[in-house]
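Some notes on the structure that comes next.
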Amino acid sequence: MDDPIQVKLPDGSVKTAPRGTTIAQFVAQSIGRGLAKAALVARVDGALVDLSRRLTTDCALEILTAKSPEALEVARHDAAHVVASVVQRLFPGTQVTIGPTIEDGFYYDFARDEPFTPEDLARIEQGVAEEIRADEPFIREEVSPEEAIRLFAEKGETYKVEIVHDIVARGAKTLTLYRHGGWVDFCLGPHGPSTGRIGVVKLTSVAGAYWRGDAKNPMLQRIYGTAFFDRAALAAHLERIEEAKRRDHRKLGKELELFMTHPWAPGAAFWLPKGTLLWQTLADCMRRLLAAEGYLEVKTPLVFNKALWEKSGHWEHYRQAMFTFESEEQTFSLKPMNCPSHMLIFGRRRRSYRELPMRLATQDVLHRNEASGTLGGLTRVRQFAQDDAHVFLAEEQVGEEVARIIALVRRVYDAFGLAQTAKLSTRPNEFAGEPALWDRAEAALAAALTAQGIAFTTAPGEGAFYGPKIDFDVTDSLARRWQCATIQLDFFMPRRFELAFVGEDNAEHTPVAIHRAIYGSFERFLAILIEHFGGAFPPWLAPVQARLVTVADRFLPYARQAAAAMRGRSLRVEIDEAEGKLGAKIREAEIAKVPYIGVIGEKEQAGGAIAVRRHGEGDLGAMALAAFIERLVVETRPPFGAP
RNA sequence: GCUGGCGUAGCUCAGUCGGUAGAGCAACUGCCUUGUAAGCAGUAGGCCGCGGGUUCGAAUCCCACCGCCAGCUCCA
């Protein structure tokens, strides 16, 4: 018991310590008082543990302080406990359930008949601040399942009892409790040393949430909050939230007159003239890019007899998300996806290996009958259009084709300044096709990602039953991540549609299909772009690229001439013909986030010039009108798919 | 779909205890003819989401519906 153990520190040094010493003691004695004071939690052999843990074997030890993201997560979990303790003190009879940390904060779910009001949240937040000031230590305790069940059953905590039963059923022999200030929760930990180390806690919202996320279970009251070690970090976080609100595509879409919605078409957008220009720019650039890559654009029906969906298998698995209707005793549906149509086109005649890869692209409108409560903005809709394509090819062509698609994805996202990461999802438990086929395909996908220099994570078992897939996330200017592009292999649907091609060997083979989209959906991608650019689009994308304003209305004829010259070079320009002072017109144009403002007065008219102001930068001074036009022509050239 | 919140002028929002609906901006008209983020004055604008109910009387209270917003297992 007294023989010392070896503790390896992150700098590589090794210290000895008495067996059974706590981490906190070890740090104070062997490392230093400064670190001992700053320590919040430790990592022993890769696992996060409390500072009160005893070191009983040789190990690698790392001490985490407020600088570490993991420590912040622990503090947020501490905060969740404190919130729960305060709620149970202020609202007797409320049961606790779970309270995990999430990105940017935490939540805690409570079972209580009455909902919490915003005033309740303020009271709870105040109680939490008091609890933090009281600086109660977190105390870890190990108990048997029987003790845990008795403890929570006595308190009437039926949800906790249920959780204990579940965990015991999964084989746990000892369970851990954490106490602070006389309150106890069943928790895996770890926790910080005491409530005083949490920092500052802010409760953000309250919402309903089903127990275990299942609509068949009772509805709980979920309190969301966040915690930071200091007020400045909290303020910065709240400022990020405010900035996201300012950039919200629903708000900007209204202000900039990009799109509208109407109660009579829930889940569908009306694209106003300026929004339609954005859409068309994306659509045209993608069209030209794909045409250059050998894609063939096709248009297919929007309405299909249900026989198609029975053939594809969607009728069995996807029917609840389809809009259907009867006509002349037949059942029809609006198409929710393009793949079956493309299958029919491929299968319309005998295909040769010489035609492969055959790349069929479509930008048609799709409808999916999403539950009403899930709709919102342009990101959760019932009607949308994808930049969809299906590539039919021989199995041995998969690697090269996927590499080409990945290169396209990079090229497009780079054009918008969106950084990208990828996730490779592999074979699930239930799958179609041969395991060896999956293994080869997964290896080909991973090799393509590596060859393109794309960082990716692997999600084992998360592939679709019909094939492995790559999903791309983009990171926008507010560091938020959005899932957009997808590349999915399909070994299943070509077989269902009895697709075949004649190979070099003069025998029939079943092609592999690749489902792929780069923007994802136009609606969603436009929403992301609106927020990414905050409505201030780069000149090539902006619906209006320049607005001409005059110092006095006697300069309007010259302004009209200038605008005509610009339109002659395919520039999107408008003239502010309203009355008013120059300052007011400049202000209007700045608020409209038009990239370039051209000011025209006496000097400009006399010299065939224009005074140029760049949105967000200010006055660039006067230049010759011809020079300004040349500059705009260059700057409005799309970074991909240029005509 | 479910839980909670919300719905008033084109936009952003007031509207007390149930007593005949208000501001700013935008629009329109006029004056000003203007030099890089708001010139002045005036006018007009409303089925208070929709439908019922309670009441002498409803934007306000009640019921149902429609829509919008937040959320609905990143698992003790």
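All chains are named by letter (A, B, ...) in the order of the sequence lines, taking the proteins before the strands, and each is independently numbered beginning at 1.
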Distance between P atoms of B/rC63 and B/rA76 (Å, rounded): 39 Å

Spacing of the P atoms in B/rC40 and B/rG45 (rounded, Å): 24 Å

Which atom names give the shortest non-hydrogen contact between A/Tyr210 and A/Asp214, and what distance separates them? CB-O, 3.2 Å

Pair partner, B/rG57 [Watson-Crick or wobble, under 3.5 Å]: none

Rounding to a whole Å, what distance do you find between A/Leu582:CG and B/rG35:C1'? 5 Å

Pairwise P distance, B/rG24 and B/rC65 [rounded to whole Å]: 39 Å

Please report, rounded to the nearest Å, how far the P atom of B/rU34 is from the CD atom of A/Glu604. 14 Å

A/Arg480/A/Glu531 salt bridge by N-O under 4.0 Å criterion: yes

Could you state the atom-to-atom distance from NZ of A/Lys254 to P of B/rC11 in whole Å? 6 Å

Taking the P atom of each, how far is B/rC72 from B/rU12, in whole Å? 26 Å

Value in whole Å for how far the C1' atom of B/rG4 lies from CG of A/Asp113: 15 Å

For B/rC31, does the base pair up with any side-chain atom of A/Glu579 as donor and acceptor (N or O, under 3.5 Å, distance only)? yes

Euclidean distance, atom CD of residue A/Glu588 to atom C1' of B/rA27 [Å, nearest integer]: 12 Å

Any strand: nucleotide that pairs with B/rU34 via Watson-Crick or wobble, under 3.5 Å: none

Now, which nucleotide makes the Watson-Crick or G-U wobble pair with B/rA27, with each of the two distances under 3.5 Å? B/rU43

side-chain hydrogen bond (donor to acceptor under 3.5 Å, both in side chains), that's the test. Do A/Tyr178 and A/Asp50 meet it? Break it down for me. CA-CA 11 Å; A/Tyr178 278 84; A/Asp50 303 276; 2.5 Å; yes

Say you pick atom C1' in B/rG4 and the same atom in B/rC74; how far apart are they, in whole Å? 23 Å

A/His180 side chain to A/His81 side chain, donor-acceptor N/O pair below 3.5 angstrom: no

B/rC48: pairing nucleotide in any strand, Watson-Crick or G-U under 3.5 angstrom: none

Send over the distance from A/Leu620 CG to B/rG35 C1', rounded to a whole Å. 16 Å

Answer yes if the ring centres of A/Phe110 and A/Tyr108 are under 6.0 angstrom apart, and no otherwise. yes

Counter-base of B/rG4, judged by Watson-Crick or G-U geometry with both distances under 3.5 Å: B/rC69

Rounding to the closest angstrom, what is the interatomic distance between B/rA59 and B/rG18 at atom P? 13 Å

Euclidean distance, A/Glu370 CD relative to A/Arg382 CZ, rounded to 0.5 Å: 8.0 Å

Can you tell me the base-pairing partner of B/rA9? Count Watson-Crick or G-U wobble geometry only, both distances below 3.5 Å, and say none if there is no partner. none

Just checking A/Glu73: base, sugar-phosphate only, or nothing, at a heavy-atom cut-off of under 4.0 Å? nothing

In whole Å, measure the gap between the P atoms of B/rG10 and B/rA26 for me. 16 Å

A/Arg547 has an atom CZ; how far is it from atom C1' of B/rA37, in whole Å? 13 Å

May I have the distance from A/Glu257 (atom CD) to B/rA27 (atom P), rounded to whole angstrom? 11 Å

At 4.0 Å (heavy atoms only), tell me whether A/Glu255 reaches a base, stays on the sugar-phosphate, or touches nothing. nothing

With under 30° as parallel and over 60° as perpendicular, where do the rings of A/Phe323 and A/His367 fit, or are they tilted in between? perpendicular

Give a yes/no answer on whether the side chain of A/Lys585 brings an N or O atom under 4.0 Å of OP1 or OP2 in B/rU34. no

Once each nucleotide of nucleotides 66-76 of chain B is scored for protein heavy atoms under 4.0 Å, what B/S/- sequence comes out, 5' to 3'? -SSSSBBBBSB

Return the nucleotide paired to B/rC17: Watson-Crick means purine N1 to pyrimidine N3 with N6-O4 or O6-N4, wobble means G-U with N1-O2 and O6-N3, both under 3.5 Å. none

With rounding to the nearest 0.5 angstrom, report the CZ to CG distance, A/Phe186 to A/Leu175. 4.5 Å

For B/rA41 versus B/rC32, give the span between their P atoms, rounded off to a whole number of Å. 16 Å

Taking for each residue the nucleotide of RNA chain B with the nearest heavy atom, is it A/Leu220 or A/Ala552 whose nucleotide lies nearer the 5' end? A/Leu220

Contact class for A/Ala589 vs. all strands (heavy atom < 4.0 Å): base, sugar-phosphate, or nothing? nothing

Base, sugar-phosphate or nothing for A/Ala584? Non-hydrogen atoms, less than 4.0 Å. sugar-phosphate

Only one of A/Ile610, A/Asp576, A/Leu556 passes side chain to side chain contact (heavy atoms under 4.5 Å, CB included) with A/Leu548, and that residue is A/Ile610

